[in-house]
Amino acid sequence: QLQLVESGGGSVHRGESLMLSCAASGITLDYFSIGWFRQVPGKEREGVAYISLRGDTTIFSDSVKGRFGISKDKYGSYLRMNDLKPEDTATYYCAATDGGDTLNLSAYRYWGRGTLVAVSP
């Protein structure tokens, strides 16, 4: 059974950067593609970044394109967030899928519990 644990969240000011990590245990991430999602209370969870199993395909939502980067290795995944904005404030989740290239939530079987990112003006 794959288990995912996010870390690296915190409070920052507008324009600053954070690196989120997603540590995998139980099964190597060699067999999975990874998505990063975020959710604000009262709103639906949205996909922000995806990286394929071999790392050769990435997808970013329009809201983070050009500011966020994603990477993975067999032990975990990493979301680099630059030029953060107050609207990036959310709980961030990593998730794993053995399906296709997608940020569709229903494709993801394994989820972490999230890490909170707060960006002040």
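For clarity, every value in this text was computed on a predicted model and none was experimentally measured.
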Separation of [Y] [atom2] from [X] [atom1] (nearest 0.5 Å):
| X | Y | atom1 | atom2 | result |
| --- | --- | --- | --- | --- |
| Y93 | L79 | OH | CG | 14.5 Å |
| M81 | L18 | CE | CG | 4.5 Å |
| D98 | S33 | CG | OG | 8.5 Å |
| R38 | K43 | CZ | NZ | 9.5 Å |

[X] to [Y] - nearest heavy-atom pair and separation:
| X | Y | result |
| --- | --- | --- |
| S21 | Y78 | OG-CD2, 3.6 Å |
| A90 | L116 | O-CD1, 3.5 Å |
| P121 | R14 | C-CB, 4.2 Å |
| N104 | Y108 | O-CD1, 3.2 Å |
| L2 | A96 | CD2-CB, 3.5 Å |

- Under the criterion side-chain hydrogen bond (donor to acceptor under 3.5 Å, both in side chains), which of D83, N82, D88 is the partner of R67? D88

- Item | Of T102, T97, D101, the residue whose pairing with Y50 passes side-chain hydrogen bond (donor to acceptor under 3.5 Å, both in side chains) | D101

- Message: With side chain to side chain contact (heavy atoms under 4.5 Å, CB included) as the criterion, how do I70 and F68 come out once you've worked through the C-alpha distance, each side chain's angles and the decisive distance to 0.1 Å?
- Response: CA-CA 7 Å; I70 186 171; F68 286 17; over 6 Å; no

- Item | Hydrophobic cluster membership, I34 vs L53, 4.5 Å side-chain cutoff | no

- Shared hydrophobic cluster for Y110 and Y31 (ILVMFWY, side-chain gaps under 4.5 Å): yes

- Message: Taking the ring centre of each residue, are W111 and F37 less than 6.0 Å apart?
- Response: yes

- Query: Near E44 CD, under 6.0 Å, is it more than 12 heavy atoms from other residues, nucleotides or ligands?
  - Reply: no

- Kindly determine whether I27 and F32 satisfy side chain to side chain contact (heavy atoms under 4.5 Å, CB included), including the steps that lead there. CA-CA 9 Å; I27 307 174; F32 296 95; 3.8 Å; yes

- Message: A side-chain contact here means heavy atoms from C-beta on lying under 4.5 Å apart; do S61 and V48 qualify?
- Response: yes

- Item | Criterion side chain to side chain contact (heavy atoms under 4.5 Å, CB included) against W36, the qualifying member of I51, L103, L20 | L20

- Determine yes or no for a side-chain-to-main-chain donor-acceptor pair under 3.5 angstrom, with S25 supplying the side chain and L4 the backbone. no

- Determine yes or no for a side-chain-to-main-chain donor-acceptor pair under 3.5 angstrom, with S77 supplying the side chain and K72 the backbone. no

- Charged N to carboxylate O under 4.0 angstrom, E6 versus R113? no

- Item | Pair L84-E16, side chain to side chain contact (heavy atoms under 4.5 Å, CB included): steps then yes or no | CA-CA 6 Å; L84 283 161; E16 294 183 340; 5.5 Å; no

